[in-house]
Amino acid sequence: MKRFRAVFLGLTAIFAMAAEGRAGDEADLRRLVGWIDRELEKGWRESGVEPAGPADDATFLRRVRLDLTGTIPTASEAREFLADPDPDKRRKLVDRLLAGPAFTEYFTEILSATLLPDGDAGINGSFARPVFAAWLRKQIAEGAGYDAIVREILTLDPGSGRGGVINPYDASAPVTPVQWYLARETKPENLAAATTRTFLGIRLECAQCHDHPFESWKREEFWEQAAFFAGYQATQNGGGALPAENLTKRELTIPETKIAVRPRLLGEAAEAKLAEGQSPRRVLAAWVTGRDNPYFARATANRMWAHFLGTGLIEPVDDLSPSNPASHPAVLDELALQFAGRGFDLKYLARVLTSTRAYQLSSSWTGSSAPDPQLFARMRTKGLTGSQVVRAYRQASGLPADPVQDRRFSFSNSSTPGLAALRDKFRRSGTPPAEAEESILQALALMNGGLTATATDPARGATLSAVIGSPFLDDPGRIEALFLTTLGRPASDRERKTLLAAIGGSEDPPKTYADLFWSLLNSPEFLVNH
Amino acid sequence: MRLAAAGLASATAGGWLEALADDTARDPRRKRSCILLWMSGGPSQIDTFDPKPDHPNGGQTKAIETSVPGLRIAEHLPMIAQRMKHLAAIRSMSTKEGDHGRASYLLRTGYLPSGPIAHPTLGSLISKELERPEDDLPSFVSVAPFRLFNPQAFGPGFLGPRYAPFMVGEQLGYGVAPDAKSLKVEDLASPGGINRPREDDRLKLLELIGGEFHATHPDAPVTSHQLAYQKAVRLMRSAAGEAFDLEREPDKVRDAYGRNSFGQGCLLARRLVEHGVPFVEVTLSGSGNQFLGWDTHLQNYTNTKRLCEVLDPAWAMLMDDLESRGLLDTTTIIWMGEFGRTPRLNPQGGRDHYPAAWSTVLGGGGIKGGQAFGDTGKDGVKVKDREVTVPDMIATVCKAIGIDPTKQNMSEVGRPIRIASPEAKPIAEILS
């Protein structure tokens, strides 16, 4: 812990950043971004790597839309952005997106997947997930810092009226993060493992059964963390309610041993000081989310880095052990420090990261072999996630938007059944988007599925029929509209020339437009964030 | 007016989707296959492969002789009894998970659900080892899956969508057991009105738009896109796609397997194995209004009997057909659910979840049939001899198929994970 603190203090001294004042904030942000850029450039020089060129405006717009709101820009949005002469338009775009409801909705989903990984929730979990999401949406919409969100989860007290009971069918029932407990069957050891892994990037669960084979974690340390949850007993089959916490029970016996342990914070020499009649979780929560916690801010900053850049400074993103150092340790430490200093504001991290040179590099690579992803000398191509595919497809093909799902449970997540099936086909638990591989079933669904059949029918497809039928568009204009709608960019000269020849020679131009739209929706460019 | 004549052909030099036209030479080696008969809900061992007719725990179920002297199984499986020489019943399975979701995950992946790691299901693991790049058909087909107990137990996990099961006839909710008609591949053909020349036009346009992007983006999502589309088109156009067409089977054969989703699913499994598909799983969950499958908390005797009436002919026909085609030696068969059921009957005449001592069955290729392994004593309450864990069973299956159970795959958390967990011991006695 001491080591980290030393790094933090050192860099703070270099920057001496003022936390007050909007204009000052902006200048600070730019200074930080400039410093990160130089740190990464140092790495390129040392490795003799020439970075990719800058991403053009169309690519940047589509990229940042997908990363912040989970969908692609509309054709008119793309047109407007491309025509905008403002040199500061990228930053303004990010600010606009961060202020909108689409960001809240998308980050609810992103955080929900981080806090409640699929694997932790069986059939019982899937019922209560929407309630957890509704709670999270409220926090994000109200601008809660990430520390406050985590604190609220860790100190949840059903007795205080914040709700230990969930009723997914009742939209008027209070929203609550209780699912975080239920998904772990309220087992102290599962709750401890979730706390250390998700919030701190420490994989202590390996020490559940034995001392960690590579790290210094001892089995006792794992169970000392579990002891913070000692007042809970495992619930069978989930259920919808959090059992009462036994506030006098503060000791756990390590299974198959006679060793009893009491709560002790990681890295502390002494047992945790607990107040009578209060949940030990409060002590744990205060430590986890504290500004000087050596892991919390770094783990979060690293996840956000991976979200935007496709690869974490530390990979895997939830393994911050000393034997797994960051590719750019100083960058991670400084980012973490500034994040903590700004109330653990996730939007601040989003602003910083989207402003970096690395984020604004092209993903195109014509050299012999692509550089090490952790040099960040080129943007990585990320496969769209299930929900991004659904959003992008819905928007491109002109299907009406789904209402925001608040609390109701349903087996399918969309009013358009084809979209729910598509989401399911593109679901990939745990695989980082940059490693995502496409399957035959996904290809078949997009080539031949009912959704595509409708979207590419000149009479029924909303987007297609509008483009074909528009009296304001000539053929080049139609081609451009279809490209902007799907790929967020105009057609290249070569593409336009070839397509105009095909349409000019076609006996049935609407059919040819339908085929063009089909190929755009099936193109690799549509299905990735690049 | 073909697009080619309008200059598109020249734009596609480089042949981005060209591989689909190749008629790849066939590998002459005989392929190994594996068929998993998945008994969703947890079948009662006492009423199938470990009868206890001389003990009150045995209930009404009688034991019958099989074609193997001295080996007896429950009366509900008379046809399988005649084919026991190809099958080895493991009567000493012992696990600790009594929840459908967690136990399904354990049996189907070989691991307990553990936080961040999404373990791949058996079909993904095994088909990854057995697949060949030139195959026209998908390497892992899942017939009539019922995933609601735990969707994670049915997926490719950290191996990614490329190893995802090719699903036909999925059961989407409780109470909607699929009928035989639903065993169709979704989206295998272009929608109505799109003929072959039009498909070609579209694929050429796809090359125009995708070719350059593919060439300048050396990343997994992009390279796999090309591979997936090549394979999808090959599947749409190859004769092998006919493997999915059950209409090509004589009525007599279809009747013999049973006109229900499991019976027709077993027939489909046989057709797919004939066409070289390495892994097929067929789920027997619901039958009629007994839609929770083998989860016989109520009226265990009647419900198990009814499910066995579906299981027995389908499985027996599958064995016969594989044998007569010379495929039984290279096709390993697994019969299992997520756990067994309580030896003692509950007051409703049902049996509840019981993971402590229960049965699975292996057969066909690589398995020394005609035996029962392990012993649960007179009352069936405890394993008396040769306890078998899930990793042991999975390692045995690997050995029978001829793949290395210690083979490692990289998980999403950057840790290599073996096909069967390190402590697994294959059962030498039932390997041939």
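Because only heavy atoms are used, hydrogens play no part in the values below, and waters and symmetry mates are left out as well, while side chains stay in. Remember, predicted model here, so these are calculated numbers, not experimental data. Quick note on labels: first sequence line is chain A, next is B, and so on, each numbered from 1.
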- Message: Counting only non-hydrogen atoms closer than 4.5 Å, does K511(A) touch chain B with its backbone (N, CA, C, O), its side chain (CB onward), both, or neither?
- Response: both
- Item | Heavy-atom pair count under 4.5 Å with chain B, highest-scoring of A491(A), G449(A), G450(A), A453(A) | G449(A)
- Message: Test of understanding: with side-chain hydrogen bond (donor to acceptor under 3.5 Å, both in side chains), list the residues that count as partners of D475(A), not counting sequence neighbours.
- Response: R478(A), Y513(A)
- So what's closer than 4.5 Å to chain A heavy atoms on P156(B): side chain, backbone, both or neither? neither
- Query: Given a strict heavy-atom distance threshold of 4.5 Å, which part of F166(B) is in contact with chain A: side chain, backbone, both, or neither?
  - Reply: both
- Query: Side chains of L227(B) and E438(A): closer than 4.5 Å at any heavy-atom pair?
  - Reply: no
- Portion of F526(A) that has a non-hydrogen atom of chain B nearer than 4.5 angstrom: neither
- Query: Can you tell me how far CD of Q442(A) sits from OH of Y229(B), rounded to the nearest 0.5 angstrom?
  - Reply: 9.0 Å
- Which answer fits A189(B), side chain, backbone, both or neither, if we ask what part of it has an atom under 4.5 Å from a heavy atom of chain A? backbone
- Task: Give, as side chain, backbone, both or neither, the part of W365(A) having an atom under 4.5 angstrom from any heavy atom of chain B.
- Result: both
- Query: Side-chain contact, heavy-atom cut-off 4.5 Å: R415(B) with D319(A)?
  - Reply: no
- Do the non-hydrogen side-chain atoms of E186(B) and L444(A) ever get within less than 4.5 Å of each other? no
- Mind checking side-chain hydrogen bond (donor to acceptor under 3.5 Å, both in side chains) for S492(A) and listing every partner two or more places apart, or none if nothing turns up? E495(A)
- Query: Which distance, rounded to the nearest 0.5 Å, do you find between the CG of L520(A) and the CD1 of I209(B)?
  - Reply: 4.0 Å
- Query: What distance separates L499(A) CG from L205(B) CG, expressed to the nearest 0.5 Å?
  - Reply: 6.5 Å
- Residue pair R378(A) / P218(B), side-chain heavy-atom distance below 4.5 Å: yes
- Query: Is it true that a side-chain atom of H225(B) and a backbone atom of N522(A) form a donor plus acceptor pair closer than 3.5 Å?
  - Reply: yes
- Query: Out of curiosity, L203(B) CG to D515(A) CG, how far, rounded to the nearest 0.5 Å?
  - Reply: 10.0 Å
- Heavy-atom side-chain proximity of L527(A) to P221(B) below 4.5 angstrom: no
- Item | Spacing of S362(A) atom OG and H217(B) atom NE2 [to the nearest 0.5 Å] | 6.0 Å
- Query: Which value, rounded to the nearest 0.5 Å, describes the distance between R202(B) atom CZ and F517(A) atom CZ?
  - Reply: 11.0 Å
